[in-house]
Protein chains: 2
Amino acid sequence: MRVVKQINELRQTIKQLKGNQSDTSVGFVPTMGYLHAGHASLMEAARKQTDIVVLSIFVNPLQFGPNEDFDKYPRDHERDLKLAEQAGVDIVFLPEVSEMYPRKIKTAVSVAGVTERLCGASRPGHFDGVATVVSKLFNIVKPNKVFFGMKDAQQIAVIRQMVDDLNMDITVVPCPTLREEDGLALSSRNVYLSAEERKQALVLSSSLRLAEQWIATDRLPADEVKERVIRHISEAPLGRIDYVEILTYPGLEPVESGAAPESLIVALAVKFGTTRLIDNVIVEMGS
Amino acid sequence: MRVVKQINELRQTIKQLKGNQSDTSVGFVPTMGYLHAGHASLMEAARKQTDIVVLSIFVNPLQFGPNEDFDKYPRDHERDLKLAEQAGVDIVFLPEVSEMYPRKIKTAVSVAGVTERLCGASRPGHFDGVATVVSKLFNIVKPNKVFFGMKDAQQIAVIRQMVDDLNMDITVVPCPTLREEDGLALSSRNVYLSAEERKQALVLSSSLRLAEQWIATDRLPADEVKERVIRHISEAPLGRIDYVEILTYPGLEPVESGAAPESLIVALAVKFGTTRLIDNVIVEMGS
């Protein structure tokens, strides 16, 4: 496994590994590091599906708001590299901020529509920052397939819209959310939680399980489900709801009464202290 | 020479021409068609510098304002294809609007700074439309080198900024403006001019020649040169000035008094009837 910090070196290393074979495929897993089993599952999917696996670890300042946790976002490169090695990654790209943004960036990639709700509403500018850095990374790595976790379902919707709209020759592969045994979705931010917060945070996954049942089995209307989810989360006194939304998937549009979308997403963001956790479930509506 | 209308077919054709050689270079000339000798010079530059030359002809609705000339922009595919063939183009990409925009596009690429003045000020949204369609075309063609004419100097500045900011692995090659013998810069829009307008339109190139002399030889300050240019253009009664600007090049920043930039651009836009003509000259300041 090679670890490179410079864009030029990364390009050369990929070229070298590809050799003269123009049909060698590149799989790419962009991350912010502090890797957990969720990331490992993305790397393993890439390992299975593509010839050369590139992992990037970059905490992108552009996608953090002024009062968000850019500075204290957890970092542990040594552990990350071990995990990447175990997962069979070929190249780790570990750039400094100055390598990615040598001067003030004047170009922005922005995606309308799918960014307006959920985290896009709570974190203005966040998805412009994501779309812009992901565009940069795609242009640097030139992957055939990219792997993202479904925990950030809205991020996947944004990337897919961008890839589609801008004719990027890339396949976006969504991978299932990984969970602790008790149901908590894996997240680098879980490390911030106190023991009591950690316990109460189970309310996210448990309310999603209930919501799935209320929608798919009991056929309750979206408004009713939303109210029940809010009531359920309120049973965790340390949690403050940022949003609870039920939208069409993957369009992320409001569910119109009487409409019968094929898939819905129930998405949550709940704060415990300063730690903001997100989770979601996709409910296939069948017939 | 092959003429293709579908994105998939274009990708396959390029792949096929490249064969298994991963180091075959692709040169790309994006145009709106109605080709003239200026475009031919871009295709010839591409022919000399790259292995496979792709020309695109696409009048991009996204970069036209609601009251601009999208519908009546001149088109003549038959003549264009002959010119492309003569210039040694390998592939002409001639997509319909529905191929480039099969549904409402939600993603925008926008470049701040260099787009605020000159044509960016007169044509709001124009350069977002340019940056977005050029991003799409770059992702479709995947060129190594792209060729643009210096008549659209601001367009080159925008594309360069975008390529640089987003780490596109592409070299932007600016090519000199071609002119009629009497000095008029070649433009597809010249066809709109009446005989009298055509005669008076020489005021653009003649004022640029004078401005160059006033700046480089006479060392007059920018404000004074701008005033003189405006006075000179006013001698053509059919012309209405859209802008006359003297800016640093390639930064396109105002010239601060006392500063000594290496290069300046004198840029003009003048309307004759409904026809808007642009022209510019880069003045190297030397020492």
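So that the names make sense, note that chain A is the first sequence line, chain B the second, and so on, each numbered from 1. If you're wondering where the values come from, they're calculated on a predicted model, not measured in any experiment.
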> Between B:A131, B:A112, B:P102, which residue shows the highest count of heavy-atom pairs closer than 4.5 Å to chain A?
Replying inline: B:A112
> Where do B:V283 and B:M285 land on the side chain to side chain contact (heavy atoms under 4.5 Å, CB included) test, with the steps shown first?
Replying inline: CA-CA 6 Å; B:V283 186; B:M285 296 305 287; 4.2 Å; yes
>> Counting only non-hydrogen atoms closer than 4.5 Å, does A:I7 touch chain B with its backbone (N, CA, C, O), its side chain (CB onward), both, or neither?
In response: side chain
> For the atom pair OG (B:S135) and CD1 (B:I159), what is the distance rounded to the nearest 0.5 Å?
Replying inline: 7.5 Å
>> Only heavy atoms, only distances under 4.5 angstrom. Which residues in residues 57-67 of chain A are near chain B?
In response: none
>> Can you tell me which of A:Q161, A:K104, A:M162 forms the most heavy-atom pairs within a distance under 4.5 Å of chain B?
In response: A:Q161
> At their closest point, which heavy atom of B:I91 faces which heavy atom of B:I52, and how far apart are they?
Replying inline: CD1-CG2, 4.4 Å
> Do B:K5 and B:E96 pass the salt bridge (Lys or Arg N to Asp or Glu O under 4.0 Å) test, and can you show the C-alpha distance, the side-chain angles, and the key distance before you say yes or no?
Replying inline: CA-CA 7 Å; B:K5 289 176 163 263; B:E96 299 286 338; 3.7 Å; yes
> If you draw the axis of the six-membered ring of B:F70, does the NZ or CZ of B:R75 fall within 45° of it and under 6.0 Å from the ring centre?
Replying inline: yes
> How about residues 139-156 of chain A versus chain B: which residues have heavy atoms under 4.5 Å apart?
Replying inline: A:N139, A:I140, A:K142
>> Before you tell me yes or no, could you show the steps for A:V92 and A:M1 under side chain to side chain contact (heavy atoms under 4.5 Å, CB included), namely the whole-Å CA-CA distance, both residues' side-chain angles and the distance that decides it to 0.1 Å?
In response: CA-CA 7 Å; A:V92 180; A:M1 188 179 76; 3.7 Å; yes
>> Between A:L166 and B:V109, does the side chain to side chain contact (heavy atoms under 4.5 Å, CB included) criterion hold? Intermediate values first, please.
In response: CA-CA 9 Å; A:L166 297 185; B:V109 181; 4.0 Å; yes
> Cationic tip of B:R123 within the cone over B:Y243's six-membered ring, i.e. under 6.0 Å and within 45° of the normal?
Replying inline: no
> Taking B:I170, B:D164, B:T107 one by one, which has the highest count of heavy-atom pairs under 4.5 Å against chain A?
Replying inline: B:T107
> Charged N to carboxylate O below 4.0 Å: is that the case for A:D165 and B:K136?
Replying inline: no
>> Please classify the contact between A:T115 and chain B as side chain, backbone, both or neither, with a heavy-atom cut-off of under 4.5 Å.
In response: neither
> Taking atom types as modelled, is there a side-chain donor on A:S25 or A:D51 under 3.5 Å from an acceptor on the other?
Replying inline: yes
> At what distance, to the nearest 0.5 angstrom, does OG1 of B:T31 lie from CE of B:M43?
Replying inline: 7.0 Å
> Is there a donor in the side chain of A:T248 and an acceptor in the side chain of A:E253, or the other way round, less than 3.5 Å apart?
Replying inline: no
